[in-house]
Structure formats: structure tokens, C-alpha cells
Number of protein chains: 2
Amino acid sequence: MESYFVEKSLPFYDQLYHKIKKMILDGVFKPGERIVESKLAKEMNLSRTPIREAIRVLENEGLVVIDEKSRIIVYNPTVKDVEDVYQCRMALESLAVKLSVQRASDQEMAEIEKVLELCNNKIEQREYDKDEVIDLNFQFHNLIIHYSANDLLQKHLNSIKSRLHLYRILNFQGDDRAQIIYNEHKKIFDYMKEKNETKAAEAMVEHLNHDYKHLIGLLAT
Amino acid sequence: MESYFVEKSLPFYDQLYHKIKKMILDGVFKPGERIVESKLAKEMNLSRTPIREAIRVLENEGLVVIDEKSRIIVYNPTVKDVEDVYQCRMALESLAVKLSVQRASDQEMAEIEKVLELCNNKIEQREYDKDEVIDLNFQFHNLIIHYSANDLLQKHLNSIKSRLHLYRILNFQGDDRAQIIYNEHKKIFDYMKEKNETKAAEAMVEHLNHDYKHLIGLLAT
DNA sequence: GATGATTTGTGCGTATGTATG
DNA sequence: GCATACATACGCACAAATCAT
């Protein structure tokens with residue numbers, strides 16, 4: 001009978017945290033835009049209390065900022081912020097790769113490889129769905145982070161990923177880097193397979209550095 | 001007249017966040033202990049509303065955990081957590097050192113050096129105040145982090161520092177490592193002065209690794 | 001500016017769930 | 001199992017600050 005239990009739904013403040021976060025990352029609320037508690041409350045059919053709790057969490061994560069007049073503003077990154085984020089990302093994701101090399105099982109490695117293969121298959125088609133490729137690339141990074149088996153590392157990288165998502169909303173119009181990215185991912189993975197964590201980490205840093213340069217290029221326009 | 005303005009005091013939820021955090025880090029609330037909103041509210045002479053908002057932030061930072069019955073529990077680290085934290089700390093503080101080498105002005109470098117000297121002076125006395133030395137060591141790390149001039153990095157390291165503080169409460173009885181720590185700090189700083197960021201970062205990782213080993217040793221007992 | 005409408009900060013009441021006896 | 005005492009989740013009310021007219 002145990003499998004028939006009913007999930008107790010999460011408290012509103014928790015659900016709201018995820019929901020508002022998603023709205024920001026999906027661009028429903030745009031960077032620099034104001035969020036009004038009372039309006040949100042009305043739209044969601046809830047009181048302001050759980051909404052305020054969710055906002056405090058988003059504030060702590062840096063996804064919203066409280067201005068000097070207590071208004072809630074969606075975080076609006078500066079170019080310096082992008083640099084800061086990428087420096088941290090390189091430090092943390094290169095750690096993630098090293099740990100994954102040490103800790104990922106054969107099966108887990110096979111999973112990462114499968115994502116790479118799928119990505120390669122997509123790219124080889126003349127007409128492929130860009131979003132699918134983006135998603136596979138995202139998965140590649142996520143799997144490595146996940147198999148690093150370091151909860152705190154995952155948490156920090158999660159908050160970094162949120163910010164990256166925001167940058168995408170701000171500027172996303174990729175010229176076609178799918179092939180380049182695939183090659184770089186492949187290189188990282190090959191070193192991982194050889195259990196060469198140093199080289200794998202270096203390849204990751206190099207990859208992220210290209211990504212950074214590319215992003216900065218877009219932001220300059 | 002402009003310099004005579006009166007500071008607008010921070011909202012309660014914000015003050016409470018700092019206050020409750022301090023109480024946890026000072027050991028007023030001990031790891032594993034329960035915190036009861038309504039009691040806190042009574043003690044502080046406030047309603048539960050701003051307290052709840054502060055708790056949500058502390059929860060997000062991992063300093064308190066909400067258990068399956070919605071109770072607030074002070075975070076109680078496991079040995080695995082210590083490993084996780086130190087891995088992240090090494091990745092991030094070695095980045096901090098590298099950035100500081102690139103970015104710290106001569107004056108800022110002199111400030112770090114002064115902290116080191118003060119520390120050395122203290123140690124050379126037969127009878128010195130341990131807490132003062134601990135504080136100076138803390139300052140050494142803090143200055144390096146600060147002069148890295150990367151806001152996000154500082155934020156992540158701040159949350160890591162909170163956790164380290166908790167470990168101290170759990171187990172703090174240092175056998176005397178003051179001299180060893182000073183030597184390691186000196187080594188890091190000497191490389192910084194030579195603008196050798198790679199060596200400085202390596203020395204930092206080595207230093208933190210010793211720290212980690214030491215802490216694990218204490219936790220084992 | 002003065003006035004009414006918003007919006008935020010905070011207190012409080014209540015329902016629901018949990019522990020205790 | 002029931003009754004009582006707490007705790008938490010949430011809605012609601014009101015004051016102070018801010019905004020708009």
C-alpha cells in the first residue's frame with residue numbers, strides 16, 4: 001500500500017519561489033522590470049505573505065534586487081557581472097569535471113557519452129532543431145556537475161546557471177556555434193574517459209572561456 | 001547639510017536575518033537544535049511575519065533546514081559536508097588569490113602584509129591571545145577575497161565562511177597551529193608579492209588542504 | 001504642494017497539523 | 001483514541017512611505 005500515498009503539496013512560499021524564478025528565467029519578467037507583490041498576489045490568488053517569503057529567497061540568490069525604496073526589481077546584469085560569473089563558473093566547473101572523473105561510474109560516463117552522440121547526430125542533419133541542441137549541451141554540463149557528487153558545488157553552480165539563463169534572455173541570438181561547442185565538449189569528454197582530470201579541467205576552462213568571449217561579443221552590440 | 005542625514009534603519013526582516021545568523025554562528029542556537037518562530041517573535045518583541053522572511057533566507061543559505069514537518073532546525077553538518085565545503089573553498093579561494101595578484105594595488109598589498117606582521121609579532125610573544133591570532137588569520141583570508149574584486153566570488157565565499165564557522169562551534173579546540181598557519185600564509189603572500197599567481201594559488205590550496213585534514217582529524221574524535 | 005491611490009512593512013487571527021498526556 | 005497545547009501556513013488589516021494627479 002505504501003506506494004499509494006498522496007504527496008503533500010509543498011508550501012506556497014516554496015512553490016512560489018520556483019514559479020517566480022521560472023517566470024524570470026523565461027523572460028516573463030524582464031531584467032530591470034519591477035515586480036509588484038500585490039499584483040502578483042492578485043494574479044496568483046494568494047495573499048502577499050507567501051509571496052514575500054519567496055521574494056526574500058530570490059533576493060538572496062540575486063535574481064531580484066530590492067532598490068533603495070523597497071521596490072522589487074528583476075536583476076539586470078552589467079558586463080562586469082558577466083565577467084564575475086564566468087570566473088566563478090570556470091573555477092567551479094573545472095572542479096566538477098575533476099570530481100566527475102574520480103567519481104562517475106562507467107554507466108554514468110556512458111550516459112554523458114550518449115548525450116554527446118545524440119548531439120552529434122542532430123548536428124549532422126542539414127535541418128536541425130536548435131533548441132534541442134542547446135538542451136543537449138545544457139545536459140552535458142549538468143551531468144558532469146551532477147556526477148561530481150558534491151551537493152554544495154551543485155548548489156553554487158545552480159545559482160550561476162540561473163544568471164546565465166538571464167543573459168540568454170537579454171541577448172540570445174546565437175550565430176551557429178553548435179559544431180564548435182560539440183568539438184569542445186567532445187574534447188573534454190575524451191580526457192575524462194582517459195581519467196586525465198587535469199587535462200579535462202583545462203579543456204573545460206578553455207571551453208568556458210570561448211563561451212565567455214562569445215557572450216561578451218554579443219553584449220557589446 | 002547633506003552629511004547630517006539620518007540612516008533609515010533596515011527593515012526588521014533584514015535585521016533579523018543578520019541577528020539570527022549571528023546567533024547561529026555564535027552558538028546561541030546549536031547545530032541540530034530547533035528554532036521556534038513564535039518563541040523568537042516573543043523574545044524579540046516582533047510579529048512572526050518578518051521572522052519567517054528571515055528564516056527563508058537562512059534556509060536558502062543552508063544555515064537552517066526545514067524538516068519534513070516544517071520545523072526549523074539549525075544546520076548540522078556531516079563529515080561529507082565538510083569535504084564538499086573544502087573542495088569548493090579551495091576552488092574559490094585559489095581563484096581569489098589569482099585575482100588579487102592581478103588586481104590588488106600596492107597599498108592593498110601592504111595592508112595584507114601588515115596583517116601578517118601583526119600576526120607574527122603576536123606569535124613571538126610567549127603569552128599571546130589566541131583569539132587575536134585567529135582573528136588576524138581570518139583577516140588575511142578576507143582581505144585576499146576582498147581584493148579579488150569579484151562580487152559573486154565574495155558572496156559564494158561568504159556563505160562558505162558561515163559554514164566553516166559552524167564547524168568551529170562544533171569542535172573547536174585547536175592544538176597550537178598558529179606558527180604553521182603563519183608560515184603557510186607567509187608563503188602565499190610571498191608568491192603574491194612576486195606576482196606569481198599560479199604558485200600563490202597552489203600554496204593556498206596546499207594551505208587549505210592542511211586545514212581540512214586538521215579539521216577532519218578533530219571531527220573524528 | 002495637497003490629496004487620494006498604491007505599495008511595502010509588520011502585526012494579528014485562524015485553520016490545520018503535530019505533539020503530549 | 002481523545003483532549004489540550006503548540007507550531008506553522010496563510011490571509012487580512014492597517015500604518016507609513018511613495019506615487020500620481
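We name chains A, B, ... by the order of the sequence lines, and we start the count at 1 in each one.
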Heavy-atom side-chain contact between Leu40(A) and Phe29(A) under 4.5 Å: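 Result yes, sub-4.5 Å side-chain heavy-atom pair found.
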Give me the one residue out of Gln154(A), Glu108(A), Glu111(A), Gln139(A) that meets side-chain contact (heavy atoms from CB on, under 4.5 Å) with His146(A).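 For His146(A), the side-chain contact (heavy atoms from CB on, under 4.5 Å) check succeeds only for Gln154(A).
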First-last contacting nucleotides on DNA chain C - partner chain B, under 4.0 angstrom, heavy atom: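 From 5' to 3', the first and last contacting nucleotides are dG9(C) to dA19(C).
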Only counting residues at least two apart or in another chain, list the ones meeting side-chain contact (heavy atoms from CB on, under 4.5 Å) with [X].
X	value
Ser94(B)	Ala201(B), Val205(B)
Leu118(B)	Leu136(B)
Leu208(B)	Arg89(B), Met90(B), Glu93(B), His141(B), Met204(B)
Gln87(A)	Glu83(A), Asp84(A), Leu95(B), Leu99(B), Arg103(B), Asn150(B)

Might you list the N or O atoms of the protein lying below 3.5 Å from N or O atoms in nucleotides 4-10 of chain D, with each pair's distance?
residue : atom : partner  : partner atom : Å
dA7(D)  : OP2  : Ser38(B) : OG           : 3.4
dA7(D)  : O3'  : Arg34(B) : NH2          : 3.1
dT8(D)  : OP2  : Glu37(B) : N            : 3.3
dA9(D)  : OP1  : Ser70(B) : OG           : 3.3
dA9(D)  : OP2  : Arg52(B) : NH1          : 2.5
dA9(D)  : OP2  : Arg52(B) : NH2          : 3.0
dA9(D)  : N7   : Arg48(B) : NH2          : 3.2
dA9(D)  : N6   : Arg48(B) : NH1          : 3.1
dC10(D) : OP1  : Phe12(A) : N            : 2.7
dC10(D) : OP2  : Phe12(A) : N            : 3.2

Does a side-chain N-to-carboxylate-O contact under 4.0 Å join Asp151(A) and Lys80(B)?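 Salt bridge between Asp151(A) and Lys80(B), a charged N being under 4.0 Å from a carboxylate O: no.
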